[in-house]
2 protein chains.
Amino acid sequence: MSNSEIIKNVSIDCIIYSFNDSKLQVLLVRHAIGKSVGKWALPGGYVKSDEDIDTAAVRTLKLHTGLEDIYLEQLKAFGAVDRFPNERVITISYFSLVRYKYVVLKPGESVYEAKWFTMDEIPPLIFDHKKILEFGNSRLRHIVRHEPIGFRLLPEVFPLLQLQSLYEAILNTKFDKPNFRRKLLKMNFLYDTKVKQKNVSHRAANLFRFDLEAYEKLKEKGFTFDL
Amino acid sequence: MSNSEIIKNVSIDCIIYSFNDSKLQVLLVRHAIGKSVGKWALPGGYVKSDEDIDTAAVRTLKLHTGLEDIYLEQLKAFGAVDRFPNERVITISYFSLVRYKYVVLKPGESVYEAKWFTMDEIPPLIFDHKKILEFGNSRLRHIVRHEPIGFRLLPEVFPLLQLQSLYEAILNTKFDKPNFRRKLLKMNFLYDTKVKQKNVSHRAANLFRFDLEAYEKLKEKGFTFDL
DNA sequence: ACAAAAGTGTTCCAGCTACACCCATGT
DNA sequence: ACATGGGTGTAGCTGGAACACTTTTGT
């Protein structure tokens with residue numbers, strides 16, 4: 001335990017998304033202490049006086065998922081006077097995309113259960129966490145169409161159809177398979193590993209990898225991802 | 001002066017944009033009291049314990065511009081440990097678009113000068129305000145292409161070419177006049193008032209008005225503005 | 001008459017949509 | 001053999017880019 005103080009008025013909450021079983025999932029925890037014992041909430045915590053807010057978010061994320069070096073972006077600060085009972089706490093929300101299989105759920109301090117939920121299973125949440133989650137969802141839908149971040153939810157190599165289902169699930173649409181394929185390949189940041197799927201009861205697909213470096217170069221040249 | 005307390009660890013800073021003389025401008029103020037006397041800064045202030053953060057932003061905006069009911073959106077929280085000297089202050093930045101001619105600059109309390117600057121005239125700023133401003137600029141460039149908010153910087157009625165110059169200035173590009181015109185008109189949220197410009201030494205242009213209601217309806221139907 | 005900006009018309013072409021079709025692999 | 005998804009080809013349409021052209025107003 002660090003010996004540094006916390007800032008009483010500022011907290012962090014993280015929306016942690018993953019993709020499994022063809023569905024978008026979000027990580028929730030049940031509080032083991034404090035006013036909200038037993039209730040579900042977004043994983044969160046306070047900011048320490050000697051750490052940056054981004055560092056606090058990384059710490060929170062690691063605490064609940066064991067993961068570091070993850071896509072993590074600030075979402076929005078929520079600061080209604082009455083959002084937190086009795087005290088004034090402004091929360092800064094973050095959102096994060098993780099690869100489902102890499103996460104080993106381990107309830108951290110002050111939490112006795114951590115669990116993935118699909119969007120139609122979300123239980124009642126404490127405070128304004130439902131609002132935060134909804135805000136995150138709409139941001140996710142937006143950003144996923146304008147930046148190639150969907151890859152962060154998939155294994156490092158993946159068949160194209162899996163990428164397509166991911167987008168279909170998040171955006172709630174259908175894409176034409178041949179056209180989706182061509183469109184993405186033409187963007188030139190998907191590297192064909194030439195490795196094929198194993199043990200599938202149909203023709204094995206080639207596995208692709210997202211080439212971040214190639215994407216960065218394209219972006220410098222004015223390319224913008226748009227789906 | 002309100003009798004409510006302020007939250008010591010949380011401040012608000014506003015990036016207030018306007019458009020004049022074919023250029024994007026931003027409002028800066030010079031501090032009259034405190035550690036940064038005489039230095040230029042983004043207009044800001046503290047959050048009171050009995051007001052929402054959005055309310056604090058609206059209050060700050062009104063203090064410096066006299067304006068209410070303005071486009072104002074949260075940008076991002078900045079919370080590096082060392083961003084503020086000696087104390088720990090996390091700031092929540094907002095950005096706002098106003099109509100230049102509606103603003104009467106009146107230095108408020110604790111500020112002895114308020115002034116518009118174009119982007120290539122920005123003086124040194126206190127703390128991390130330069131970083132905040134740059135973040136705001138890139139957000140502005142992004143949002144302006146994906147939501148029709150450019151109108152907030154223009155008079156309520158405007159000729160199309162003025163809209164085009166606005167976009168050209170913000171995005172630093174050139175558009176083809178006929179094509180720009182057709183593209184925007186086809187979107188069906190510009191209402192032709194049929195009123196013409198006066199006293200211009202060339203054919204008078206029709207003045208248009210942004211029809212928010214029409215735009216909202218289009219959005220519901222899945223339309224997305226893209227420039 | 002001329003300058004300057006408003007506004008219209010039209011050609012050409014890239015890129016997207018829609019859909020038909022063939023390929024590979026496990027049961 | 002057939003079901004399932006992988007992957008290619010292509011005809012047709014749409015919308016945007018480029019640019020020529022006409023119109024209106026003030027000096």
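Each chain gets a letter, A, B and so on, in the order its sequence line appears, and its residues count up from 1. Quick caveat, the model's predicted, so the values are computed rather than measured.
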Distance in angstrom units between A:D226 CG and C:dC16 P, rounded: 11 Å
Positive for side-chain contact (heavy atoms from CB on, under 4.5 Å) with B:Y94, one of B:I53, B:V58, B:I16: B:I53
A:H202 NE2 to D:dG7 P, straight-line distance once rounded to whole Å: 10 Å
Side chain of A:N179 - closest among C:dC19, D:dG7, D:dT25: C:dC19
Interatomic distance where CZ belongs to A:F158 and P belongs to D:dG6 [whole Å]: 13 Å
Residue A:A204, side-chain atoms from C-beta onward, closest of D:dG7, C:dT25, D:dT8: C:dT25
Touch class at under 4.0 angstrom, heavy-atom based, for B:N206 against every strand present: sugar-phosphate
B:R203 side-chain proximity, nearest of D:dA20, D:dG6, D:dT24: D:dT24
Touch class at under 4.0 angstrom, heavy-atom based, for A:K198 against every strand present: nothing
Presence of donor-acceptor pair under 3.5 Å, side chain of A:K177 and base of D:dG6: yes
For atom CZ of A:F180 and atom C1' of D:dG7, their distance in whole Å: 15 Å
Under 3.5 Å donor-acceptor pair, B:R182 side-chain atoms to C:dG7 base atoms: no
Touch class at under 4.0 angstrom, heavy-atom based, for B:L160 against every strand present: nothing
Sugar-phosphate only, base, or nothing, as touched by B:P159 at under 4.0 Å among non-hydrogen atoms: nothing
Toward the 5' end of DNA chain C, by each residue's nearest nucleotide, A:K186 or A:N199: A:K186
Selected nucleotide, minimal atom distance to A:R181 side chain, candidates D:dT4, D:dG7, D:dA18: D:dG7
